[in-house]
Structure formats: structure tokens, C-alpha cells
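For reference, the structure is listed below as C-alpha cells.
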There are 2 protein chains.
Amino acid sequence: MKVIPNISVDCVVFGYSGTDVDVLLIKQKKTSQDAEAQYALPGNLVRTEENLDQAASRALKDLTTLEGIYLKQFHTFGDPDRVTNPKDRAWLTAVREFPDERVITVAYYSLVSVDDYVPHAAAFAEESEWVSLKNVPPLAFDHDKILHEAVETLRTELVTKNIGFELLPKKFTLSQLQQLHEIILAKKFDKRNFRKSMKKMSQIIPLDEKQQGVDHKPAQLFQFDPKKVDS
Amino acid sequence: MKVIPNISVDCVVFGYSGTDVDVLLIKQKKTSQDAEAQYALPGNLVRTEENLDQAASRALKDLTTLEGIYLKQFHTFGDPDRVTNPKDRAWLTAVREFPDERVITVAYYSLVSVDDYVPHAAAFAEESEWVSLKNVPPLAFDHDKILHEAVETLRTELVTKNIGFELLPKKFTLSQLQQLHEIILAKKFDKRNFRKSMKKMSQIIPLDEKQQGVDHKPAQLFQFDPKKVDS
DNA sequence: TCAAAAGTGTTGCATCTACACCCATGG
DNA sequence: CCATGGGTGTAGATGCAACACTTTTGA
């Protein structure tokens, strides 16, 4: 359980609620009565026996109980002063064995459906919750910057690699998929054209099933099959 | 000049010679008479006062004398056993203060024209040279893996971001640019179509100048202007 | 005058965009 | 029967792939 004192991982987990894109944040435990509790991305120091991907999964699980999520490394942040801001001192001295060490962090991001994952705070997290990207409070360390880069990465990967299914429930409607794209990319798509282009991707397989409990014409459900790769 | 014992940077510098894509390698200094000298990517531990980008530039300059090159971070490698292979022990114990530390490395890549940069060995490099990607010897540590990932990154960025001008001299012909694409992507392009698509990129500006000293019809020269961004 | 690479347009086909109405369901 | 979102086709414009011959230069 020995850690490397100057290498950490941080996870930017995006979730989609149906109307908003959320990010999973933790609230750091207060280090004293009058200390100001800060929000942060879930992350922690890397242990000596684990690789970086494992560290990211483990840290995320420890802090939020979320597991089984595919995390993708996207950038490493290593400014010498990224953990020296006074606002972060109290927390560092309270929880870290070597609070003055310079720390570089390897950042990961992931996409999930908020319905599928209910986070529970654990370890040094006081809370663990989905926060809309529109209402993200100032974050600890350089996590604002990390989050910003993650959003940029999300946008480019959404268009180039057509990820985005990940953000939806296993069974989804094409309108949900379209709304998701519109929210992330902040632009409108033509319904017919959008459906045409999605339908010709072999990975999106139509189910013999319809939406239930809606007060309008129920939509057909689709499923994403990652095994099918476009040729 | 204090270093962080478990964080390094490595640089994959691609060069284009006109017929081949090369990579810049160093040969590690022999640690004893009978030791086997190994090839490696230029890289070194990060110092406490520098950020990662600075560390990459500085390490590259120290080992090869190349400087003023734009290096782009592309991945961080951190397997626990990436520096524990017996083949690397002798060298580590000879040059590192803490040879048993686990080291993660932040990898960078870059593109230059081989004509513009003549490397000279320095520091712990015995040699520093351009090696064709076709003839890369086995490398130290996990540098084979790093190089392989860098090549993959180069291919995707070449098509998505139309980098590649970087590999050519400041003034280049369209045929040179085409040949470069063909070599990196290992496929042929139609001359007319290739020229059409390049010419409609505003960043490629035609010069009032022609090739000299060739024994055939001299080609028009072009230049890349990074300031012009496609709208 | 020959060799070697530079340079240049058009046509068919596939893909993308723009656009408007009827349908099924629950309340 | 009304409100709500689901679902569908076509025509015009644009972009991409295929294709062959003439030009300029140095040797």
C-alpha cells in the first residue's frame, strides 16, 4: 500500500442526465471546523505496485464507489506549482504524508449514463455527486484546467470516434442520442439526417422493443454493440 | 538542479530525409568495457523547477543539441516494471542516483526536417543519430512501445490535423509533401487530387520561387504558414 | 532529343444538406 | 380530440475518386 509521493491520477467522469452533461465531483472532507471544504475531481496518489490505468480505476472506486468504468488517459499535468496554491495547503497537510512534494497528475476521462451509476462518498470524500457542467464550482488544485481540457477532448472524440453511446443507458432512443450530441457540441442537427447517419453505423443495433411510460408515441430502442467495428 | 527521481520525459523526434522517415535515437554510453551499449529515445528525469514541456525540451537539447523544436505530449507510460528489465540495470545504476526507483515517463513527439537538424551527442549519449524507422534496433526500457505509439499518433495526426509540413524544409514542393504522406501512411495518392486538396488549404502558400539544381522541370516551392487557420 | 518529374480538368458517383408532413400514444 | 414527440423521402449541391497527356528542364 505504499504510494509514490509525487505521482497521482485524476478522473473526469462525464455523465448525461437527459438534459445536461454532468461531471462527477467529490467534496473534500473538512480538515478543521473553519476550513473551507473544496470540490475536486476524484483522484489520488499512485501506489507502487499498480500501473496508471489501475490507479485511476482504484482511486475512482475508493472515492465514489463507481467501478467497471472504462477510463481513458488523455493528458498529464505537471506544472511545478500545480499543488502549491494556498487554498489547497490545509487539505494537503491533513491527508498527505509528504504534503510539500511536487505532484504531477495523469488525467483520465470517461463517459457513463448517470442513471447507471449512483456515486457514494467514501475515503477522504465527504460527498460525491453529479454536477452539471454549467454549475461547476471552483475546484481544488489545477482541476479547473484539467476539466476544461477534458471537455475539449470529449468534444473531439465525440465527432471523430463517435463515442457517446457510453453516456446513455444501455437501451436508448435516437432522439436521446441526438440530444446528447446537441448538448455536448452545442449545435442543432437535422433529425432526419442525424438518424440516417447513425443508422448506417453497424454498431447501433435496433431492438424489438419500445419506450414505455411516455405520454406520446413511444420510440424504438437501440443498443450499442462495441464488438462490431466499421470496416 | 535537483531531479524528481521517478518522473521522466522521453522524446520521439521524427525526421524526414526525402525517402525515409527517421527517428532520433541516442546510444547510451557504455557503463563498462564489456557492457552492451543500447539505443534509446532521448529523455531524462524531470527537474524540480521545470514543467513537463520544459523538461522535454531541455532533455532533448542536453542529449542531442537539438533545440527550438515544438514537442507535443502524447501519452504517459507508467507500468511498474517498465525500468526493471535486467538489460537496463547496468546503465541505470551507473547514471542514476536512485536506480531502483519506479519511473513513469511522459512521452512527447515532434516532426522536423532532417536537413535542418544535425544532432550531436552530448551528456550521457555516446552517439545521437537519425535512424530509419525501418531499421530501428531494440531499444532500452519500454522505448519500443513508446516509439510504436508515437508512430500511431503521427499517422492519425497527419490525416486529422494535416501536420507534416513540419517534416519538410521551410520551402517544399507539393511532390515532396505527397511523398511524405505516402511514406507515413504507406499508401499512394493520386497526384492531381492530392494537389487539389492541399492547394485549397489556406496555410499552404505558394512562393514566387522554383526548385534549383534538379535535372528535370523545376517545381514551384511552397511554404507553410501556421498563422492562417482554416475557418 | 531523351529522360524525368511537373503540372493541369472533367466526369460520374457518392455523400451531405435542406426541408414538411403524417403517426401513435396518453391524458 | 388534442398535445407531444416519433418517424419518414427526395431533390439539389457539394465533395471525392478515377483517369492521361503536355511542359520544362538538364544531360
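Only this structure's heavy atoms are used, side chains among them; waters, hydrogens and symmetry mates stay out. By convention in this document, chain letters (A, B, ...) are assigned in the order of the sequence lines, proteins followed by strands, and residues within each chain are numbered from 1. The structure presented is a predicted model; accordingly, all values stated were derived computationally and were not measured.
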Regarding A:T105 and A:S8, is there a side-chain donor-to-acceptor distance under 3.5 Å anywhere? yes
Just by distance, no angles: are the side chains of B:D88 and B:Q38 close enough, under 3.5 Å, to form a donor-acceptor pair?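 There is such a pair (donor and acceptor under 3.5 Å, judged by atom type) between the side chains of B:D88 and B:Q38.
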Over how many whole Å does the gap from [X] atom [atom1] to [N] atom [atom2] extend?
| X | N | atom1 | atom2 | result |
| --- | --- | --- | --- | --- |
| A:Q211 | C:dG26 | CD | P | 11 Å |
| B:F194 | C:dG7 | CZ | P | 13 Å |
| A:K191 | D:dG7 | NZ | C1' | 6 Å |
| B:Q212 | C:dA6 | CD | P | 16 Å |
| B:K210 | C:dA6 | NZ | C1' | 9 Å |

Heavy-atom donor-acceptor pair, [X] side chain to [Y] backbone, under 3.5 Å:
| X | Y | value |
| --- | --- | --- |
| A:K87 | A:F141 | yes |
| A:Q211 | A:A219 | yes |
| A:Y109 | A:V13 | no |
| B:R155 | B:I184 | yes |

At a cut-off of 3.5 Å, list every protein nitrogen or oxygen paired with a nitrogen or oxygen from nucleotides 15-18 of chain D, distance to 0.1 Å.
unit_1 : atom_1 : unit_2 : atom_2 : d
D:dA18 : N7     : B:N193 : ND2    : 2.9
D:dA18 : N6     : B:N193 : OD1    : 3.1
D:dA18 : N6     : B:K196 : NZ     : 3.4

First encountered from the 5' end of DNA chain C, between A:P218 and A:S197: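 That would be A:S197.
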Near DNA chain C, which residues from residues 163-188 of chain B have a heavy atom under 4.0 Å away?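 B:S175 - these, ordered by number, are the residues of the stretch whose heavy atoms sit under 4.0 Å from the strand.
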Heavy atoms from C-beta onward define the side chain here; which of D:dG7, C:dT25, D:dG26 lies closest to that of B:D215?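 My answer, after comparing the listed nucleotides, is D:dG26.
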Quick check on C:dG7: is either OP1 or OP2 less than 4.0 Å from any side-chain nitrogen or oxygen of B:R195? yes
Measure centre to centre between the rings of B:F124 and B:W91, then say whether the value is under 6.0 Å. yes
So what does B:Q220 touch, heavy atoms closer than 4.0 Å: a base, only the sugar-phosphate, or nothing? sugar-phosphate
Just checking B:K199: base, sugar-phosphate only, or nothing, at a heavy-atom cut-off of under 4.0 Å? sugar-phosphate
Determine whether any donor atom in the side chain of A:K217 lies under 3.5 Å from an acceptor atom in the base of C:dG26, or the reverse, and answer yes or no. no
Which class fits the ring pair B:F189 and B:F194: parallel under 30°, tilted 30 to 60°, perpendicular over 60°?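 It falls in the tilted class, 30° to 60°.
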Under 6.0 Å from the NZ atom of B:K145, do we count more than 12 heavy atoms belonging to anything else shown?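 No, because the 6.0 Å sphere around NZ of B:K145 holds 12 heavy atoms or fewer from other groups.
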